Participant: 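My questions all concern the structure below.
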Number of protein chains: 2
Amino acid sequence: MDSDLYEMPGMENARVTIKDVARAAGVSIATASKALNDRGRMTVETRQRIRDVAASLGFMPNAMARALVSQRSFTIGLLTNDTYGRFTLPVAAGLSAALIDCGVSVFLCAFEDDAGQAAINLRSMLEKRVDGLVIAGKRIDRGLPIELPRLPMPVVRVNSLCSDDQIGFVPDDREGALTAVNHLIACRRRRIAHVTGPTSFLAVRLRAEGWEQAVQAAGLPLLDGPQSGDWSEAFGFRSGQQLLAMPPAERPDGVFCGNDQIARGLIDALTVGGLRVPDDVSVVGFDNWEVLAKATRPPLTTIDMGLNELGRQAGSTLLDLVAGKHVEPGVRRLACRLVVRSSCGAQPL
Amino acid sequence: MDSDLYEMPGMENARVTIKDVARAAGVSIATASKALNDRGRMTVETRQRIRDVAASLGFMPNAMARALVSQRSFTIGLLTNDTYGRFTLPVAAGLSAALIDCGVSVFLCAFEDDAGQAAINLRSMLEKRVDGLVIAGKRIDRGLPIELPRLPMPVVRVNSLCSDDQIGFVPDDREGALTAVNHLIACRRRRIAHVTGPTSFLAVRLRAEGWEQAVQAAGLPLLDGPQSGDWSEAFGFRSGQQLLAMPPAERPDGVFCGNDQIARGLIDALTVGGLRVPDDVSVVGFDNWEVLAKATRPPLTTIDMGLNELGRQAGSTLLDLVAGKHVEPGVRRLACRLVVRSSCGAQPL
DNA sequence: CTGAAAGCGCTTACAG
DNA sequence: CTGAAAGCGCTTACAG
């Protein structure tokens, strides 16, 4: 008995269709559709009655049927090779937040750096007719492991390689570095070193530029070029030991680190070696990886790349594109934000 | 000119339909469908010709049209309140891996612990007619912030509260603790302490049980009940300082920590205080949070909860459920795995 | 072996 | 103000 369904208001039954609603309300399917979508014209009473009936039946429109006719799936794909999720998860959170209000859901496709997997996931998104695609990466100078063919839907990139004719959002690494170093300068540091990741990363080169720029603008001595190593605590620790080995007069009194892991290792080494942070040496990190930054002793002052905001902007831009609006191509560099904790000696604001 | 499309083999055009394929191949739509789905009977040549045409046109079946008729969306929803992604991301990776081969994609819905957001996301999944739902949480004794109504699709839980009539996958915390403590015992530790998180967590109580059980089974002294604090390095550090303050004869020579952060803080405190790890005190953690465990000095021996495998099993179980197979209700506790590094003094295997 | 027809659950012109 | 009809892109009995 179909009518049984009508007796269970609490029971969300996925099989209740608009046909059932129309029948129960004594109207045609077309009228039911219009009432529910606030379209067309009809008496307020009719509209309300139909809605009440729909609600009591637990009617939920079938998004796929709707998609088929509207040619919009209300779905987007998030393609990423960041399986660890360090960068992508905050991006995904911002993205979802920007989309959920418009009823758009996101397919998560995380795959290893392997062309086969990437292709499978891409095809899956294409078959699902996503309205748009967000490509999220681990670094701004690498794309996905596959060549994207000319896609029938708009694409937006986040924290990933992006050519001039594409649309992308990345953190402004140079500006972030400037902010970090200026903070060290504001904390009265005069000899500011830079310890960072591999120079093969564009982000490393940009941050180094920011460091150099800020130091020179302040008329401070430019210490030996950035110490470059891998993105690890171990490298930071070793760098800290090297600092300890220097004659005190030559030692930096401030260090801008390329990421939080390096900063943490460096601080640990300094502390073990008897130097005080921030009194003897101030340190700023990069990433604001909270679990690490907060646990550092002392808690780490660092640069937040605003990944969440990057995701949010990517989302609303993608929505614009899907709606057919024109969006100027090119890469947007979003401002980073200084997060003051205790490793610099400044009072948190 | 529609015919233009036929001239662009490289161009993946989402607007090529099965109708275009049929026309180009000179067969009916039904025949084209059968050829592409390997159904029905026809000459091998016909089938191949149709496929070639489809490929040259860049035809991709519209998954939503297909879903509408097959009543299967080939889509599942991953609902989680773990916005940080620490637990959910490995779960999601395992889940996707189990599903992608079957052409099933996953919607990621991460939301804060707030009933409103949860409800919006749930409704969105319902409207999208997901074939099934995975509920992933941050702890095994809490569910989502909303009551799930009787859902019209199967649900599987991971690392989340799960009643006896539901289906869930969680790490076997007690067994993991046993493994950890037995490893300390194998490393010739006799006085084994336990420093862990808040007792309000079921996982904490289960791990404490495992600790107690292993210690007693080995006939070792049961030291003062677990030290309980928050899940932070700071608490671990303070606990380490307390250890240092004890008379050496009373001091534990092994510590099983409730998570990796506590272990790291504790090790740091011991090291700062002049004790050697693992020589004076062996330490085992819990979580195998690699970025932390590997960076600890010395690298941390710890318990891996197998989140990826949890996700994988949840995925294949959900697939069974969707296919109508019977699955015994109840919660499955999956074995944890010891990851040997250097904080215990044993050689990594 | 192949095709015409009905139908999945909706929306949208178009008539009345 | 309301409804019948066509159609979104497929699949699946059912005829031939």
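Lettering of chains follows the sequences in order, A, B, ..., and the numbering in each one begins at 1. The figures here come from the full heavy-atom set of this structure, side chains too, leaving out hydrogens, waters and symmetry mates. Everything numeric here is computed off the predicted structure, so don't read it as measured data.
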Participant: Find the distance A:Lys128:NZ to D:dC8:P and express it as a whole number of Å.
Facilitator: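 Atom-to-atom, A:Lys128 to D:dC8, this comes out as 23 Å.
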Participant: Map B:Ala30 and A:Ala65 onto DNA chain D by nearest heavy atom, then report which one ends up closer to the 5' terminus.
Facilitator: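 Looking at the nearest nucleotide for each, A:Ala65 comes out on the 5' side.
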Participant: Would B:Asn37 and B:Arg66 count as a side-chain contact (heavy atoms from CB on, under 4.5 Å) here? Give the steps.
Facilitator: CA-CA 11 Å; B:Asn37 292 305; B:Arg66 190 182 275 199; 3.5 Å; yes
Participant: Once you round it to whole Å, what is the distance between P of D:dA4 and NZ of A:Lys19?
Facilitator: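 My rounded result for the distance is 13 Å.
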Participant: Can you confirm whether the side chains of B:Ser73 and B:Lys128 place a donor and an acceptor under 3.5 Å from each other?
Facilitator: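 Result is no, nothing qualifies.
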Participant: Looking at A:Asn62, does any N or O in its side chain come under 4.0 Å of the phosphate oxygens OP1/OP2 on C:dC8?
Facilitator: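 No, no such contact exists.
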Participant: What is the nucleic acid contact for B:Arg41, judged by heavy atoms within less than 4.0 Å: base, sugar-phosphate only, or nothing?
Facilitator: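 B:Arg41: base contact, heavy atoms under 4.0 Å.
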Participant: Can you tell me the Watson-Crick or wobble partner of D:dA13, both distances under 3.5 angstrom?
Facilitator: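 Pair assignment: D:dA13 / none.
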Participant: Check every atom of D:dG3, C:dT11, D:dT11 against the side chain of B:Ile18 and return the nucleotide holding the closest atom.
Facilitator: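 Of the options given, the side chain of B:Ile18 lies nearest D:dT11.
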Participant: Please give the nucleotide sitting opposite C:dA4 as a Watson-Crick or G-U wobble pair, both distances under 3.5 Å, or none.
Facilitator: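 Here C:dA4 is not engaged in any pair, so there is no nucleotide opposite it.
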Participant: For A:Asp20 and C:dC10, give me the distance from atom CG to atom P, rounded to whole Å.
Facilitator: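 After rounding, the gap between these two atoms is 9 Å.
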Participant: Using the closest heavy atom to pick a nucleotide of DNA chain C for each, name whichever of B:Met42 or B:Gln71 lands nearer the 5' end.
Facilitator: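 Result: B:Met42.
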Participant: OP1, OP2 of D:dT11 versus side-chain N and O of B:Ser33: anything below 4.0 Å?
Facilitator: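 So the side-chain polar atoms of B:Ser33 do come within 4.0 Å of the phosphate oxygens OP1 or OP2 of D:dT11, strictly under.
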Participant: Identify, between B:Gly26 and B:Val69, the residue whose nearest nucleotide on DNA chain C lies closer to the 5' end.
Facilitator: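 It is B:Gly26 whose nearest nucleotide is closer to the 5' end.
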Participant: Could you give the CZ-to-P distance, from B:Arg23 to C:dT2, as a whole number of Å?
Facilitator: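 The distance from CZ of B:Arg23 to P of C:dT2 comes to 20 Å, rounded to the nearest Å.
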Participant: Looking at B:Asp131 and B:Arg72, would you say the former's side chain and the latter's main chain have a donor-acceptor pair under 3.5 Å?
Facilitator: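 Answer holds: no.
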Participant: To the nearest angstrom, how far is B:Arg49 atom CZ from C:dC1 atom P?
Facilitator: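 B:Arg49 atom CZ is separated from C:dC1 atom P by 15 Å.
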Participant: Round to the nearest Å and state the distance from B:Arg72 atom CZ to C:dG9 atom P.
Facilitator: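 After rounding, the reported distance stands at 16 Å.
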Participant: Select one nucleotide: of D:dT12, D:dG9, D:dG3, the one nearest the side-chain heavy atoms of A:Lys34.
Facilitator: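 Nearest to the side-chain atoms of A:Lys34, counting from C-beta on, is D:dG3.
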Participant: Just to verify, what does B:Arg142 make a side chain to side chain donor-acceptor pair (under 3.5 Å) with, not counting sequence neighbours?
Facilitator: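 If we apply the side chain to side chain donor-acceptor pair (under 3.5 Å) test to B:Arg142, skipping adjacent residues, there are no hits.
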Participant: Given atom CD1 of A:Ile29 and atom P of C:dA13, what is their separation to the nearest angstrom?
Facilitator: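 A:Ile29 atom CD1 is separated from C:dA13 atom P by 18 Å.
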Participant: For A:Ser163 and A:Asp165, test the side chains for any donor-to-acceptor distance below 3.5 angstrom and give the result as yes or no.
Facilitator: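 Yes, because at least one side-chain N or O of A:Ser163 sits under 3.5 Å from a partner of the opposite role on A:Asp165.
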Participant: Check the phosphate of C:dT2 against B:Thr46, side-chain N and O only, distance under 4.0 Å to OP1 or OP2. Yes or no?
Facilitator: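 So the side-chain polar atoms of B:Thr46 do come within 4.0 Å of the phosphate oxygens OP1 or OP2 of C:dT2, strictly under.
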Participant: Tell me: CZ of B:Phe59 to P of D:dC10, nearest whole Å?
Facilitator: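 These atoms are roughly 4 Å apart.
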Participant: At less than 4.0 Å, is any side-chain N or O atom of A:Ser28 found next to OP1 or OP2 of D:dG3? Yes or no.
Facilitator: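 Checking A:Ser28 against D:dG3: at least one side-chain N or O falls below 4.0 Å of OP1 or OP2.
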Participant: Is the phosphate of C:dT12, meaning OP1 or OP2, less than 4.0 Å from a side-chain N or O of A:Arg39?
Facilitator: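 Checking C:dT12 against A:Arg39, a side-chain N or O does come within under 4.0 Å of OP1 or OP2.
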Participant: Under 3.5 Å, is there a donor-acceptor pair between the side chain of B:Ser33 and the main chain of B:Ile29?
Facilitator: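 The answer is no, because no donor-acceptor pair under 3.5 Å joins these two groups.
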Participant: Tell me which nucleotide among D:dC10, D:dT12, D:dT11 gets nearest to the side chain of B:Asn37.
Facilitator: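 Nearest to the side chain of B:Asn37 among the choices is D:dT11.
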